[in-house]
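The structure appears below as C-alpha cells.
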Amino acid sequence: MQSLEEHLDCGQQLHINRELVKARVNALLDVIRTKQSRTAAVHDCDGGPYVGISGIAFMYWYLSQQSDLYTSEECDHFRNEALLYIRPAIEYAENIDKSSCEKVAKVAYLLGNAGTYLVAALVYNAIGDAANRTKFVEKYASLAAICRMQQYLSKGSDELLVGRAGYICGALYLNKALHMQIIPNEVLENLAIATIESGRQYATSRRIHYCPLMYSYYDTEYIGAAHGVAGIIQVLLQIPNFARLTPEIERDIKTTIDFLLSLQTPSGNFPCAMDELGDRARPEEDELVHWCHGAPGVVWLMAKAYLVWKEEKYLNSCVRCADLIWKRGLLRKGPGICHGVAGNAYVFLLLYRLTKDIKYLYRANKFQEFIFTKEFKKGSRIPDSPYSLFEGFAGTVCFMTDLLQPEKAQFPLYTDVFD
Ligand SMILES: [Zn+2]
C-alpha cells in the first residue's frame with residue numbers, strides 16, 4: 001500500500017482539519033490566559049518577547065491581524081488581550097530603563113526592551129491609539145544611536161537575540177507592519193555597515209582566512225540563527241538592496257554564506273559553533289536540530305540567499321535541512337519555536353512557500369498533530385517559560401495559525417524572507 005507521502009507525490013490533495021486546528025488554538029489560548037499571570041514583576045516580564053509576556057502580547061496582536069481566519073469580534077478580543085499583556089510589560093521595561101541595569105537589557109530585541117517597545121507600538125497601532133504608537137516607535141528609534149557604536153555590548157554586539165542584528169530585524173519589522181519608514185534606510189545601512197566592519201575586524205584579528213565575516217558571542221563563534229553568523233547575515237540580506245550596496249559587501253556576504261554552506265553535514269545539519277568542526281564535531285546523535293542551533297535556523301539564511309542570487313545550491317541546502325528536520329526534528333524540549341517542535345515545523349512552511357510542494361504542508365501538519373499526542377505530552381520536557389513566545393505555547397499558536405494560511409507564514413518577529 002502506498003504511504004500518504006507517496007500519494008502526495010502523485011499530486012493528491014492534503015486535508016488539514018481546519019476546525020480541529022482552530023479548536024486546538026483556542027484550547028491553547030485558554031491555557032495561556034488562565035496560567036500565565038500578567039504583572040510587571042520580573043518573573044512575568046524578564047526576557048523581553050522571547051520568554052516575557054510582551055511575547056504573549058505579540059501572539060495576540062498577530063492573531064488580531066488575521067481577519068481571514070477570525071471574525072471582527074474575535075480580532076477585537078485579541079487586541080484587548082494583547083493590551084492586557086503589553087501594559088505590565090511596558091511598566092517593567094520603563095523601570096529597567098530608569099535603573100542601573102546593564103545596557104543589554106535596555107537595547108536587546110528578542111530578549112529585552114527594544115522588543116517590548118516594538119510590540120507596544122504594534123498593539124497601540126492596532127487599537128488606533130496614535131499617541132502611544134508614536135511614543136513607542138520613538139523609543140525604538142532612539143536606540144539606533146546606541147546600536148551604531150561598533151562594540152556597544154561587552155560580550156558581542158552583533159547577534160540576533162540581544163545585538164545589532166536583532167535591532168535591525170525589529171526596525172524592518174516595524175517599518176513593514178506600520179507601513180512607515182520609522183527607521184530610515186540610511187540608518188539601517190549604517191547599522192549594517194557597522195555589522196560588516198565588526199565581522200571583518202573580528203575575522204582579521206583571529207586570522208580567519210576562509211571566511212571574511214565572523215562574530216563571537218561570549219567568546220564562542222556561533223554559526224546558527226540565535227547567536228551566530230547565519231542569523232546576523234540573514235538580517236543584513238533583509239535590508240532592501242544592501243547586499244549589493246558595493247561589490248565588496250556583496251563579495252564578503254556571499255563568500256561567508258558559501259563558507260557556511262560548506263559546513264552542512266552529510267545529514268543536512270549545521271554545527272553549533274566553529275569549535276565543533278572536523279575532529280571536534282559532536283557525535284551525530286548529539287547534534288542539535290533547533291532553530292537556535294542547527295539547520296532549522298540556518299535554513300532561513302539559505303532561503304534568503306536563494307531568493308537573492310537564485311542559485312540552486314541554496315535551495316538544495318534548504319531541502320536537505322527540511323529532510324533532516326523531518327527525520328530528527330520531533331524534539332523533546334517542548335512545543336516552542338526556539339528549540340521545540342513548532343520552530344522546526346516552521347521550516348516546512350518556509351519550504352512550502354519556496355517550492356509549492358504540498359509534501360511540506362503535510363509534514364508541517366504532522367508536526368502539529370504530534371504536539372497533541374500522548375507521546376509528546378509524556379516524553380516532552382516542560383520548558384522554563386511554558387506559555388512564552390519562543391519556548392512555549394504562544395509560539396505554537398503562531399505556527400498553528402500560519403499552518404492555516406501557509407502562503408503568509410512568517411516566523412514570529414522575523415522579517416519575511418520573501419520581502
Ligand atoms: Zn533555543
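Both ligands and their constituent atoms are indexed starting at 1 by order of listing.
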Protein N, O or S atoms less than 2.8 Å from the Zn ion (ligand 1), ignoring waters? Cys292 SG, Cys338 SG, His339 ND1

Between Tyr117 and Lys139, is there a cation-pi geometry (under 6.0 Å to ring centre, at most 45° from the normal)? yes

Are Leu143 and Asn113 close enough, and set up right, to give a side-chain contact (heavy atoms from CB on, under 4.5 Å), and what steps lead you there? CA-CA 10 Å; Leu143 297 172; Asn113 283 8; 5.7 Å; no

Specify whether Tyr70 and Phe78 have parallel, tilted or perpendicular ring planes, treating 30° as the upper limit for parallel and 60° as the lower limit for perpendicular. perpendicular

Approximate separation, where rounding is to 0.5 Å, of Gln66 CD and Gln405 CD: 4.0 Å

Check residues 293-307 and write down every donor-acceptor pair under 3.5 Å in which the side-chain atom is one partner and the other belongs to a residue at least two apart or another chain.
| from | atom 1 | to | atom 2 | distance (Å) |
| --- | --- | --- | --- | --- |
| Trp300 | NE1 | Pro296 | O | 3.1 |
| Lys304 | NZ | Val417 | O | 2.9 |
| Lys304 | NZ | Asp419 | O | 2.8 |

Once you measure the plane-to-plane angle for Trp326 and Phe348, does it fall in the parallel (<30°), tilted (30-60°) or perpendicular (>60°) bin? perpendicular

